[in-house]
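As the structure is a prediction and not an experimental result, all values here were calculated from the model. The figures here come from the full heavy-atom set of this structure, side chains too, leaving out hydrogens, waters and symmetry mates. Just follow the structure's listing: the first ligand is 1, and inside any ligand the first atom is 1.
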Amino acid sequence: MYTSKISGLGYYVPENVVTNDDLSEIMDTNDTWIQERTGIKERRHIKKGDGNSTSTMGAKAAKIAIERANLSSDDIDLIIFATLSPDMYFPGGGVRVQEMMNMKTIPALDVRNQCSGFVYAISVADQFIKTGMYKNVLVIGSENHSGGLDMTTRGRGVSVIFGDGAGAAVLTRSDKEGVGVLSTHLHSEGAHAKELSLEGPSTGHWVPEIIAENAQENIPYYPYMNGQFVFKNAVVRFSEVINEGLQANNLTASDIDMLIPHQANLRISQFVQKQFKLSDDQVYNNIQKYGNTTAASIPIALTEAWETGKIKEGDLVVLAAFGSGFTWGSAILRW
Ligand code: UT7
């Protein structure tokens with residue numbers, strides 16, 4: 001029986017820093033509100049003309065992860081690309097990265113599970129590796145949120161939260177038992193699909209219809225979030241799915257060395273930290289610097305935690321996410 005282990009990690013964020021004060025110049029918001037409600041101080045936004053896109057950022061993060069795994073792009077057997085903000089409606093980001101990195105005709109698979117996208121992608125990679133089908137799987141989470149946010153006061157409840165960036169991991173087959181991905185648990189609840197969603201442009205709102213309806217009035221193509229409802233569900237589901245993962249491995253919260261929660265809101269992470277009685281050193285947060293980068297948030301945080309020596313060999317690392325769908329999931333890893 002094979003296991004899959006993270007052999008390389010990387011991340012990339014655009015250089016352009018957007019502070020809360022910068023946002024308060026273009027909409028009715030302020031640093032105090034944003035920090036008190038979310039913990040965010042600044043985020044990165046792609047600047048027009050800086051050459052960044054969801055795929056290019058994904059490729060930059062992937063390059064670092066592959067190098068750190070001591071592999072070349074020719075060694076990768078499968079690309080899994082998680083995003084809610086692809087460069088194009090179709091095809092997805094996976095094939096774009098494949099082209100940018102001159103990779104062979106390996107399969108490229110796109111995952112559309114929003115904030116849970118990276119955890120879902122890790123789970124898919126793990127299954128392919130465990131069955132023996134693939135040896136090295138490249139998993140990418142990348143988002144260009146700034147290109148599609150309503151940056152007026154009308155959209156402030158959503159637009160101050162999200163940032164751009166990418167993270168990547170290489171999962172590699174291992175023969176050692178009890179290391180790497182110990183388990184993944186995934187869930188979804190489509191009944192709440194509309195509570196955090198972006199309706200168009202899509203087959204529900206084709207372009208001719210948008211033009212005919214005068215898009216300014218209708219705005220189906222800006223994200224919508226029922227913030228308080230999402231928050232209430234998030235804190236419950238985060239805790240449930242972390243417990244589910246721990247129990248499946250006969251572990252308890254006291255076994256956790258590092259929890260990397262999806263960076264949705266610092267208040268959500270703090271709530272979960274309290275529930276599991278974890279110290280500040282046992283939970284990694286960087287939403288203060290990057291905002292919520294959706295599918296990219298866990299791989300960026302995981303890479304930073306690893307780079308700064310906060311994750312060591314033998315550590316029990318827990319990844320957990322909740323977001324649009326609703327979808328949620330956890331991955332339990334022995335480093
Ligand atoms: O990553 C996917 C999962 N996402 C989440 O888990 C996000 C979950 N939700 C949240 O994090 C929070 O609900 C938010 C941070 C989005 C919002 O915080 P809240 O405490 O739920 O605020 P609210 O939406 O209830 O709004 C409170 C007030 C409103 O004003 P009134 O009606 O009380 O006068 C809003 O209009 O704050 C106002 N407001 C703002 N004020 C200044 C909303 N956005 C802003 C803003 N700046 N950016």
Give a yes/no on ligand 1: does Leu196 have at least one heavy atom closer than 4.0 angstrom to it?
yes

Distance under 4.0 Å to a non-hydrogen atom of Cys115: what atoms of ligand 1 satisfy this?
1 (O), 2 (C)

According to a hydrophobic-cluster definition based on side-chain heavy atoms being under 4.5 Å apart (Ile, Leu, Val, Met, Phe, Trp, Tyr only), do Leu138 and Val111 belong together?
no

Any Ile34 heavy atom less than 4.0 Å from ligand 1:
no

Considering distance alone, does some N or O of Gly227 sit under 3.5 Å from an N or O of ligand 1?
yes

Side-chain donor-acceptor contact under 3.5 Å, Thr327 with Ser188
no

Within the 4.5 Å heavy-atom criterion, are Asp164 and Glu143 side-chain neighbours or not?
no

Is atom 39 (N) of ligand 1 close to the protein, meaning a heavy atom under 4.0 Å from it?
yes

So is there a nitrogen or oxygen of Gln228 less than 3.5 Å from a nitrogen or oxygen in ligand 1?
yes

For the residue pair Val119 and Leu186, establish whether any side-chain heavy-atom pair is separated by less than 4.5 Å.
yes

Atom indices of ligand 1, in the order listed, that fall short of 4.0 Å to a heavy atom of Phe231
8 (C), 9 (N), 10 (C), 11 (O)

Do Ile76 and Val97 touch side chain to side chain, with heavy atoms closer than 4.5 Å?
no

Any protein heavy atom sitting closer than 4.0 Å to atom 34 (O) of ligand 1?
no

Could you pull out the closest heavy-atom pair between Gly58 and Ser142, with the gap in Å?
N-OG, 3.7 Å

With a 4.5 Å cut-off on side-chain heavy atoms, are Arg44 and Asn16 touching?
no

Nearest non-hydrogen contact with atom 19 (P) of ligand 1 belongs to which option: His262, Met27, Arg37?
Arg37

Are any non-hydrogen side-chain atoms of Met100 and Ser55 less than 4.5 angstrom apart?
yes

Judging by distance only, is a nitrogen or oxygen of Ser324 under 3.5 angstrom from one on ligand 1?
no

Go through ligand 1 atom by atom and flag the ones less than 4.0 Å from a non-hydrogen atom of Met225.
4 (N), 7 (C), 16 (C)

Out of Asn265, Ile287, Val230, Val160, whose heavy atom sits nearest atom 4 (N) of ligand 1?
Val230

Do you see a protein non-hydrogen atom under 4.0 Å from atom 24 (O) of ligand 1?
no

Taking 4.0 angstrom as the limit and counting only heavy atoms of Gly157, give me the atoms of ligand 1 inside it, by number and element.
16 (C), 44 (N)

Please report whether atom 15 (C) of ligand 1 has a protein non-hydrogen atom at a separation of less than 4.0 Å.
yes

Test item: Ser183 and Asn249 side chains (from C-beta on) under 4.5 Å apart, heavy atoms
yes

Could you tell me, atom by atom, which parts of ligand 1 come under 4.0 Å of a heavy atom of Ile268?
6 (O)

Note the single closest protein heavy atom to atom 30 (O) of ligand 1, along with its residue, its atom name and the distance in Å.
Arg156 NH2, 4.5 Å

Using every non-hydrogen atom in the two residues, find where Asn20 and Ile40 come nearest and quote the distance to one decimal.
ND2-O, 2.8 Å

Could you grab the distance from atom CG of Asp74 to atom CD1 of Ile66, nearest 0.5 Å is fine?
9.5 Å

Which option out of Ile161, Leu84, Asn20, Thr29 puts a heavy atom nearest to atom 46 (C) of ligand 1?
Thr29

Within the 4.5 Å heavy-atom criterion, are Phe81 and Leu109 side-chain neighbours or not?
no

What atoms in ligand 1 come closer than 4.0 Å to a heavy atom of Asn292?
1 (O), 2 (C)

Starting from atom 17 (C) of ligand 1, find the nearest protein heavy-atom neighbour and note its residue, name and distance.
Trp33 CH2, 3.9 Å

Under 4.0 Å to a heavy atom of Thr38 - the qualifying atoms of ligand 1, by number
15 (C)

Is any side-chain heavy atom of His185 less than 4.5 Å from a side-chain heavy atom of Trp328?
no

